[in-house]
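First comes the structure, then the notes that go with it.
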Amino acid sequence: MTPQQITVLGATGSIGRSTLDVIARHPDRYRVHALSAHRRVEELAALCVSFRPRVAVIDRAADAERLHALLRAAGCETEVRCGPEALVEIASATAADTVMAAIVGAAGLLPTLAAVRAGKRVLLANKEALVMSGGLFMQAVREHGATLLPIDSEHNAIFQCLPPACPGGLAAAGIERLVLTASGGPFREWPAERLATVTPAQAVKHPNWSMGRKISVDSATLMNKGLEFIEACWLFDATPAQVEVVVHPQSVIHSMVRYSDGSVLAQLGNPDMRTPIAHALAWPARIAAGVDPLDFATMGALCFEAPDLARFPCLRLAQEAMQAGGTMPAVLNAANEVAVEAFLDERLAFTDIPHVIASVMREMPVSAATELATILATDHEARGRARAHC
C-alpha cells in the first residue's frame with residue numbers, strides 16, 4: 001500500500017497536533033508532505049524534525065528565517081516558505097493526497113478552498129470556511145470532485161450516523177432532524193448576572209475538551225455551536241429547521257440523527273479529537289486512534305437540556321444569520337472573531353461579545369454570497385465595524 005501524503009494546515013494547534021499523533025501511529029499508511037503554522041516557530045521546527053515534511057510554511061518572513069536556521073542546525077532539509085500564497089500552494093500541491101484544514105478562523109478560507117479546487121481529500125476542521133462561503137464552497141466541492149470529510153466531532157458523528165448516500169435529500173432518506181450536542185461550556189450553570197465577571201483564564205478552561213483559546217471562548221459563549229449549526233446546514237444540505245441543538249454536559253454522545261420511524265442513531269466516544277481525525281484519515285476503513293474505549297460500567301448518567309438562549313445569545317445570533325443567508329454568516333463570523341480577540345486581550349467583557357456581534361449584524365445589509373470577492377469584502381468591513389464597537 002502506497003502511503004498517503006498528508007498536508008496539515010495549522011500543525012501546531014490542537015487539531016494539528018492530534019492529527020500528527022494519529023499519523024505517527026501508522027507510519028506504513030501516512031507520510032507528511034507539508035506543515036504550516038502561524039507564528040510558533042520552535043514548535044513547527046520540532047514537528048519538522050520529527051516528521052520530515054518536504055515543505056513548512058509560516059506566516060512572516062522573519063519567522064521563516066528563524067525556522068530555516070533551526071532546521072538546518074538540526075540537519076533537517078525541509079524547505080521553508082512564508083505567507084498566504086505559500087499556504088495556498090501547499091494546500092493545492094500535486095504531491096499531497098489529503099489536506100487537514102485546521103487553521104482557526106477566516107484565515108483558513110483561502111487555503112482550504114484551494115485544496116477543494118485541487119480536488120483533494122479535505123479533512124475539514126476549519127468551520128469558518130463553510131460559515132463564510134457555504135454555497136460557493138460546496139459548489140466547488142462538487143465541481144472539482146473533492147472529497148470532504150468533517151472533523152468537528154459533532155459533524156463527524158452525524159456523518160457516521162447517516163446512510164451512505166442521500167441523493168434525494170434528508171427527508172427522502174427518512175431523516176427528520178440532525179441533532180448537534182453541546183457541552184454547555186464552563187458557565188452552563190452560572191447565573192446571568194455572574195457572566196459579566198468572566199475572565200479569559202476562566203473561559204479557556206473547557207470542562208471536557210482540550211482546544212485552542214479562541215475555540216474555547218466560542219464554546220463558552222455557545223458561538224461554537226452556532227457556527228457548527230451553520231456548518232451542518234451546508235455539509236448535509238439541511239434547512240435550519242432540520243437542525244437542532246441540545247446541551248449534553250458529559251460530551252459522550254457527539255451528535256445524533258433522528259429518523260422518521262422513531263429511531264435515533266448516536267455516535268458515542270470519549271471526548272478526544274483523535275477519534276474523528278482517525279475516522280476521516282482512514283475512511284471508509286477504521287484505524288486505531290490511541291483513544292481509550294468508553295467504560296459503560298463507570299460512565300454514569302447522560303444528561304440533556306435545552307440551550308439557554310437568554311444567557312447565551314450567540315447561538316441564537318448564528319441561527320438568525322443562517323436564516324438571513326447570503327453574506328450574513330460571514331458578518332457574524334468576522335464580528336465574533338474580533339470580539340473574542342478583544343475579550344482575550346481584556347478589552348471587552350464576556351457578556352459584550354454578543355452585543356458587538358448583534359450590532360454589526362444590524363448595521364450590515366445582506367448580499368448574495370456567490371463571489372469570493374464579495375465574501376472577503378464583507379469580512380473586511382464587518383471586522384472594521386466590530387473593532388469600532390469594541
Side-chain angles (χ1 to χ4, degrees), residues 127-128 131 152-154 177-209 211-233 240-241 243-256 271 301-324 328-329 331-362 386 389-390:
K127 60 177 66 68
E128 291 86 357
V131 169
D152 274 344
S153 61
E154 296 80 3
R177 292 284 185 89
L178 308 178
V179 185
L180 297 172
T181 58
S183 70
F187 313 122
R188 179 176 61 87
E189 297 181 335
W190 283 34
E193 60 272 14
R194 190 182 171 194
L195 292 175
T197 68
V198 167
T199 67
Q202 292 170 321
V204 299
K205 290 183 178 179
H206 194 279
N208 301 330
W209 296 93
M211 303 184 294
R213 285 164 59 83
K214 191 267 183 183
I215 298 176
S216 295
V217 174
D218 282 349
S219 181
T221 64
L222 287 194
M223 178 56 87
N224 193 49
K225 206 55 47 182
L227 299 177
E228 288 172 1
F229 178 93
I230 296 170
E231 186 181 6
C233 291
V243 182
E244 64 178 288
V245 176
V246 64
V247 173
H248 168 50
Q250 292 79 23
S251 296
V252 170
I253 294 177
H254 299 305
S255 277
M256 299 171 275
L302 301 180
C303 306
F304 305 91
E305 60 190 57
D308 188 335
L309 300 183
R311 284 186 303 146
F312 302 102
C314 284
L315 174 56
R316 173 180 53 78
L317 292 172
Q319 292 169 329
E320 290 174 358
M322 187 62 194
Q323 288 282 3
M328 192 53 68
V331 171
L332 170 100
N333 179 73
N336 178 65
E337 287 191 17
V338 170
V340 169
E341 182 181 13
F343 166 71
L344 287 170
D345 291 343
E346 299 184 349
R347 295 183 286 110
L348 190 71
F350 181 80
T351 47
D352 283 334
I353 293 174
H355 294 313
V356 169
I357 298 166
S359 296
V360 177
M361 288 176 65
R362 283 194 299 269
H389 283 290
C390 289

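What you are looking at is a predicted structure, and each value in this text was computed from that prediction instead of being measured. Atoms considered below: every heavy atom in the structure, side chains included; atoms not considered: hydrogens, waters and symmetry mates. In this chain, numbering begins with 1 at the start of the sequence shown.
- Looking at heavy atoms from C-beta onward, K205 lies out of side-chain contact with P186 at the 4.5 angstrom threshold.
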Exercise. Should I353 and V217 be marked as a side-chain contact (heavy atoms from CB on, under 4.5 Å) after you check the CA-CA gap, both sets of side-chain angles, and the distance that decides it?
Worked result: CA-CA 10 Å; I353 293 174; V217 174; 4.1 Å; yes
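- Contact annotation: the side chain of T221 never approaches that of P354 to less than 4.5 Å [non-hydrogen atoms, C-beta and beyond].
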For this session: Would you sort out whether L309 and Q319 count as a side-chain contact (heavy atoms from CB on, under 4.5 Å), showing the intermediate values?
Result: CA-CA 11 Å; L309 300 183; Q319 292 169 329; 4.2 Å; yes
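- D352 CG to R347 CZ: the interatomic distance, rounded to the nearest 0.5 Å, is 12.5 Å.
- Atom CG in L180 sits 6.5 Å away from atom CD in E228 (nearest 0.5 Å).
- Expressed to the nearest 0.5 Å, how far CG of L227 lies from CG of N336 amounts to 6.0 Å.
- In the model, K127 has a side-chain atom that pairs as donor or acceptor with a side-chain atom of N224 under 3.5 Å.
- Ring geometry for F304 against H248 counts as parallel: the plane angle stays under 30°, on a 0 to 90° scale with 60° as the upper cut.
- Look at E128 and K214 and you find a salt bridge, because one of the NZ, NE, NH1 or NH2 atoms lies within 4.0 Å of a carboxylate O, short of that distance.
- With hydrogens and angles disregarded, a donor-acceptor distance shorter than 3.5 Å links the side chain of S359 to the backbone of H355.
- Remark: side-chain polar atoms of E346 are not paired, donor with acceptor, to backbone N or O of P200 under 3.5 angstrom.
- Considering all non-hydrogen atoms of both residues, A349 and A196 come closest at CB-O, 4.5 Å.
- Atom CZ in R213 sits 10.5 Å away from atom CD in E341 (nearest 0.5 Å).
- Closest heavy-atom contact between L348 and F343: O-CD1, 3.3 Å.
- Remark: side-chain polar atoms of S183 are not paired, donor with acceptor, to backbone N or O of P249 under 3.5 angstrom.
- Under a 3.5 Å cut-off, the side chain of R316 and the backbone N or O of G226 do not form any donor-acceptor pair.
- Using a 4.5 Å heavy-atom cutoff, the side chains of L178 and S255 are not in contact.
- Of all the heavy atoms in M361 and M328, the pair that sits closest is O-CE, 3.7 Å.
- Proximity of L315 to V245: side-chain heavy atoms (C-beta onward) are separated by under 4.5 Å at one or more points.
- Counting all heavy atoms, side chain and backbone alike, P191 lies closest to R311 at C-CD, 4.4 Å.
- Using a 4.5 Å heavy-atom threshold, the side chains of R194 and F187 count as separate.
- Looking at heavy atoms from C-beta onward, T197 lies in side-chain contact with W190 at the 4.5 angstrom threshold.
- Inter-residue side-chain proximity for L344 and V204 is flagged as met; some heavy-atom pair is nearer than 4.5 Å.
- If you take SG on C233 and CD on Q323, they are separated by 8.5 Å, rounding to the nearest 0.5 Å.
- At a threshold of 4.5 Å between non-hydrogen side-chain atoms, the residues M223 and L332 count as touching.
- For T181 (side chain) and H254 (main-chain N/O), a donor-acceptor pair under 3.5 Å exists by modelled atom type.
- Closest approach of A342 to C390, counting heavy atoms only: CB-SG, 3.8 Å.
- The distance from the OG atom of S153 to the CD1 atom of I253 is 12.5 Å, given to the nearest 0.5 Å.
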